[in-house]
*Asks:* 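To start, I am sharing the structure in question, which I have written as structure tokens.
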Amino acid sequence: MTISPATQEWLSMLSLWGWIWIIPLIERLSPLKRQAFLRPGMINDLIHTYHRVHLWTMANALFVSWLAAYAQAHGGQGPYLRGALTDAHWAVAFVSILLMGHVTFYVAHYFCHKIPMLWQFHRVHHSSLSLDSFSTSRFHVFDKFLFAGPYLFLVTYFQPDPVMVFLFISFNDFWGRYGHGNIKDPHWLGYFMSNPKFHRWHHSNHPEAIDKNFSAEFNFLDWLFGTAYYPKEGVPHSFGEHEYSNNIIVQHYQPFIDCYHIVKRDGWMALLRKPKPERADDYKAVQER
Ligand SMILES: [Zn+2]
Ligand SMILES: [Zn+2]
């Protein structure tokens with residue numbers, strides 16, 4: 001499959017400028033709940049947005065496509081399904097790419113919540129006090145790498161059509177911004193997709209929704225593994241941490257300081273394991289250690 005350079009250019013522009021400003025418009029037209037456009041941490045999240053776009057969307061779109069092309073040219077097919085998607089029909093390649101992205105995101109995200117060291121980095125994403133499409137990009141670079149690494153590995157290994165990979169990554173940004181957006185959409189959508197209401201529960205401080213809803217696009221893995229929380233009534237209203245910095249520079253060194261404090265207080269193993277349940281009955285207390 002080939003797409004013209006003009007279409008490639010157009011899709012790149014959509015990632016760089018399109019979704020970032022189209023989704024906020026939809027948020028104003030159909031809000032899930034009334035909230036101010038300007039809020040604390042807005043400038044910080046905008047810096048994250050373009051910092052992330054360059055680092056993630058653009059670099060990945062080009063890098064992953066190049067990686068897949070390189071693997072096809074130099075790796076070839078081999079044992080253990082290496083290069084299995086090289087000659088696959090575009091529909092098979094598309095579904096496989098979607099599955100690779102979905103499974104790796106779900107697993108990485110699950111461990112980011114369960115392993116205290118990884119949580120300190122992922123916590124940056126969860127620190128925003130209100131949820132809108134601009135809060136999508138608030139991520140620590142290390143956290144982003146954790147999500148991208150396994151996906152890059154699978155793409156390189158199975159070698160699907162680079163064009164399909166490029167298309168998937170071009171629309172990746174849409175999914176993220178839509179899922180974090182303050183957008184009202186039909187409730188039933190949340191049974192299939194990580195829509196705004198579904199992902200809002202993931203970010204909420206409500207105890208019943210802690211460590212739920214890990215999915216990014218389609219959410220069947222959450223339903224399958226019992227990590228879905230999606231009540232028919234109500235929308236969560238409490239998010240983030242008041243005391244966490246809204247400064248992108250601080251947000252990039254704070255996790256290292258927090259890890260240092262955990263080691264100092266409870267030893268190295270505390271970075272890998274949460275404390276026993278009797279000490280962890282209050283999840284927030286544990287996360288703030
Ligand atoms: Zn999370
Ligand atoms: Zn999120």
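On a predicted model such as this, the values are computed, not experimentally measured, just so you know.
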*Asks:* So does K184 have more than 12 non-hydrogen atoms from other groups sitting under 6.0 Å from NZ?
*Replies:*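 Counting other residues, nucleotides and ligands, NZ of K184 stays at 12 neighbours or fewer.
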*Asks:* Quick one: closest heavy-atom pair of F145 and P150, and the distance?
*Replies:*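 In terms of heavy atoms, the two residues are closest at O-CD, 4.4 Å.
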*Asks:* Has the side chain of H202 got a donor or acceptor atom that lies under 3.5 Å from a matching backbone atom of K212?
*Replies:*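 Yes, H202 side chain to K212 backbone: donor-acceptor pair under 3.5 Å.
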*Asks:* So, do I257 and Q254 sit near enough that their side-chain heavy atoms are less than 4.5 Å apart?
*Replies:*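 In short, these two side chains touch, coming nearer than 4.5 Å.
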*Asks:* Report yes if some heavy atom in the side chain of N182 is under 4.5 Å from a heavy atom in the side chain of K33; otherwise report no.
*Replies:*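 Counting from C-beta outward, N182 and K33 do come under 4.5 Å.
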*Asks:* Do V250 and Y253 come close enough that some side-chain heavy atom pair is under 4.5 Å?
*Replies:*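 In contact.
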*Asks:* Mark yes when over 12 heavy atoms from residues, nucleotides or ligands other than F94 sit less than 6.0 Å from its CZ; otherwise mark no.
*Replies:*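 Atom CZ in F94 is not packed in, count stays at 12 or less.
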*Asks:* Are V103 and V165 linked, directly or through intermediate hydrophobic residues, by side-chain heavy-atom contacts shorter than 4.5 Å (ILVMFWY only)?
*Replies:*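 V165 clusters together with V103.
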*Asks:* Looking at NZ of K264 and SG of C259, how far apart are the two atoms once the value is rounded to the nearest 0.5 Å?
*Replies:*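 Result: 14.5 Å between the selected atoms.
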*Asks:* Only one of L146, L99, L154 forms a side chain to side chain contact (heavy atoms under 4.5 Å, CB included) with T104, so which one is it?
*Replies:*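 Testing T104 for a side chain to side chain contact (heavy atoms under 4.5 Å, CB included) against L146, L99, L154 leaves exactly one candidate, L154.
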*Asks:* Quiz question: by atom type and distance under 3.5 Å, do the side chains of K197 and H187 form a donor-acceptor pair?
*Replies:*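 K197 vs H187: donor-acceptor pair found between side chains.
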*Asks:* Just by modelled atom types, is the S215 backbone N or O under 3.5 Å from a matching donor or acceptor in the S194 side chain?
*Replies:*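 Checked: pair present.
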*Asks:* Checking side chain to side chain contact (heavy atoms under 4.5 Å, CB included) against L221, which of F105, Y106, F214 comes through?
*Replies:*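 Single pass found, and it is Y106.
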*Asks:* Parallel, tilted or perpendicular: which one describes the rings of F142 and H140, with boundaries at 30° and 60°?
*Replies:*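 Because their plane-to-plane angle is over 60°, the rings of F142 and H140 count as perpendicular.
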*Asks:* Supply the atom-to-atom distance W90 CH2 to L167 CG, rounded to the nearest 0.5 angstrom.
*Replies:*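 Here the interatomic distance stands at 10.0 Å.
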*Asks:* If you measure from CE on M193 to CH2 on W188, what distance do you get to the nearest 0.5 Å?
*Replies:*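 Answer rounded to 0.5 Å: 8.5 Å.
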*Asks:* Mind listing the closest non-hydrogen atom pair of G179 and H199 along with its distance?
*Replies:*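 Closest heavy-atom pair between G179 and H199: O-CB, 3.5 Å.
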*Asks:* Looking only at side chains, do Y110 and T227 share a donor and an acceptor under 3.5 Å apart?
*Replies:*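 The criterion, which ignores hydrogens and geometry beyond distance, is not satisfied for T227 and Y110.
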*Asks:* Can I115 be reached from L271 by stepping across I, L, V, M, F, W or Y side chains whose heavy atoms are under 4.5 Å apart?
*Replies:*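 Looking at the clustering, I115 is in the same group as L271.
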*Asks:* Are any of the side-chain heavy atoms of V155 and M164 separated by less than 4.5 Å?
*Replies:*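 Side-chain contact under 4.5 Å: no.
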*Asks:* Could you tell me if the side chain of R138 sits less than 4.5 Å from the side chain of S127, heavy atoms only?
*Replies:*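 Of all side-chain heavy-atom pairs linking R138 with S127, at least one is under 4.5 Å.
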*Asks:* Strictly under 6.0 Å, is that where the ring centroids of F111 and W119 end up?
*Replies:*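 Between F111 and W119, the centre distance exceeds or equals 6.0 Å.
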*Asks:* Return the minimal non-hydrogen interatomic distance between A209 and S204, and the atom names on each side.
*Replies:*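 Minimum heavy-atom contact is CB-OG, 3.6 Å.
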*Asks:* Taking all non-hydrogen atoms of both residues, which atom of N247 and which atom of N44 are closest, and how far apart?
*Replies:*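 The answer is C-OD1, 3.3 Å.
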*Asks:* Could you check whether atom CD1 of I43 has more than 12 heavy atoms from other residues, nucleotides or ligands sitting under 6.0 Å from it?
*Replies:*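 Counting neighbours around CD1 of I43, 12 or fewer heavy atoms of other residues, nucleotides or ligands fall under 6.0 Å, so no.
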*Asks:* Decide side-chain contact (heavy atoms from CB on, under 4.5 Å) for F147 and H122; before the verdict, give the C-alpha distance in whole Å, the side-chain angles of both, and the deciding distance to 0.1 Å.
*Replies:* CA-CA 10 Å; F147 287 115; H122 187 54; 4.0 Å; yes
*Asks:* Quick check: closest heavy atoms across N205 and F239, and the distance to 0.1 Å?
*Replies:*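 So the two residues come closest at ND2-C, 3.4 Å.
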*Asks:* For I249, is the CD1 atom crowded, meaning more than 12 foreign heavy atoms sit under 6.0 Å from it?
*Replies:*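 Result for CD1/I249: open.
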*Asks:* Minimum heavy-atom separation for R177 to I23, with atom names?
*Replies:*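 Closest pair (atom of R177, atom of I23, distance): O-CG2, 3.7 Å.
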*Asks:* Treating Ile, Leu, Val, Met, Phe, Trp and Tyr as nodes and any side-chain heavy-atom pair under 4.5 angstrom as an edge, say whether L98 and L85 lie in one connected cluster.
*Replies:*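 Yes, L98 and L85 fall within the same hydrophobic cluster.
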*Asks:* Quick one: does I20's side chain get under 4.5 Å of D173's, heavy atoms only?
*Replies:*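 A side-chain contact under 4.5 Å exists here.
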*Asks:* Can a donor-acceptor pair be found between the side chains of Y230 and N219 at a distance below 3.5 Å?
*Replies:*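 Per modelled atom types, Y230 and N219 side chains form no pair under 3.5 Å.
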*Asks:* Measure up the F198 and W223 rings against each other and bin them: parallel (under 30°), tilted (30 to 60°), perpendicular (over 60°).
*Replies:*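 The arrangement is tilted - the two ring planes meet at 30° to 60°.
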*Asks:* Would you kindly confirm whether L29 and W21 end up in one hydrophobic cluster when ILVMFWY residues are joined by side chain heavy atoms under 4.5 Å apart?
*Replies:*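 No, because L29 and W21 fall into different hydrophobic clusters, even though each may have its own neighbours under 4.5 Å.
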*Asks:* Atom CG in L118, atom NE2 in H113: separation rounded to 0.5 Å?
*Replies:*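 Interatomic distance, L118 CG to H113 NE2, rounded to 0.5 Å: 10.5 Å.
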*Asks:* Could you point out which residue of H252, H125, H126 forms a ring-ring contact (aromatic ring centres under 6.0 Å, His included) with F139?
*Replies:*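 In the set H252, H125, H126, the residue that makes a ring-ring contact (aromatic ring centres under 6.0 Å, His included) with F139 is H125.
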*Asks:* Establish whether F153 and Y80 are linked, either directly or via other cluster members, by ILVMFWY side-chain heavy-atom contacts under 4.5 Å.
*Replies:*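 Yes: a chain of side-chain contacts under 4.5 Å links F153 to Y80.
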*Asks:* Evaluate the ring planes of F220 and H102, with Trp represented by its six-membered ring, and classify them as parallel (under 30°), tilted (30 to 60°) or perpendicular (over 60°).
*Replies:*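 The rings of F220 and H102 sit tilted, inter-plane angle from 30° to 60°.
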*Asks:* Just checking Y191: does its OH atom have more than 12 heavy atoms from other residues, nucleotides or ligands closer to it than 6.0 angstrom?
*Replies:*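 Correct, the count exceeds 12.
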*Asks:* If we only count heavy atoms from C-beta on, is the H203 to P236 side-chain gap below 4.5 Å?
*Replies:*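 No, too far: nothing below the 4.5 Å cut-off.
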*Asks:* Applying the side chain to side chain donor-acceptor pair (under 3.5 Å) criterion to Y178, which one of D185, N195, T136 satisfies it?
*Replies:*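 With Y178 as partner, side chain to side chain donor-acceptor pair (under 3.5 Å) holds for just one option, D185.
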*Asks:* Taking the basic N atoms (NZ, or NE/NH1/NH2) and the acidic carboxylate oxygens, is any pair closer than 4.0 Å for D211 and K114?
*Replies:*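 A salt bridge links D211 with K114.
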*Asks:* Mind checking the OG-NE2 spacing from S96 to H89? Nearest 0.5 Å is all I need.
*Replies:*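 S96 OG to H89 NE2: 12.0 Å, rounded to 0.5 Å.
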*Asks:* Parallel under 30°, tilted from 30 to 60°, perpendicular over 60°: which one fits the rings of F168 and Y151?
*Replies:*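 Ring orientation, 0 to 90° scale: tilted.
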*Asks:* Could you tell me whether the side chain of R39 reaches within less than 4.5 Å of the side chain of D45, counting heavy atoms only?
*Replies:*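 Heavy-atom side-chain distance check passes, below 4.5 Å.
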*Asks:* Is atom OH of Y244 surrounded by more than 12 heavy atoms (other residues, nucleotides or ligands) closer than 6.0 Å?
*Replies:*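 Counting neighbours around OH of Y244, more than 12 heavy atoms of other residues, nucleotides or ligands fall under 6.0 Å, so yes.
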*Asks:* How far does CD1 of I47 sit from CD of Q251, to the nearest 0.5 angstrom?
*Replies:*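 Here the rounded value is 10.0 Å.
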*Asks:* Is there a donor-acceptor contact under 3.5 Å from the side chain of S128 to the main chain of L131?
*Replies:*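 Side chain of S128 to backbone of L131: no pair is present.
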*Asks:* Any side-chain donor-acceptor pair under 3.5 Å between E27 and S133?
*Replies:*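 Short answer, yes.
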*Asks:* Walk me through whether M42 and F134 qualify under side-chain contact (heavy atoms from CB on, under 4.5 Å).
*Replies:* CA-CA 7 Å; M42 182 90 173; F134 290 110; 3.5 Å; yes
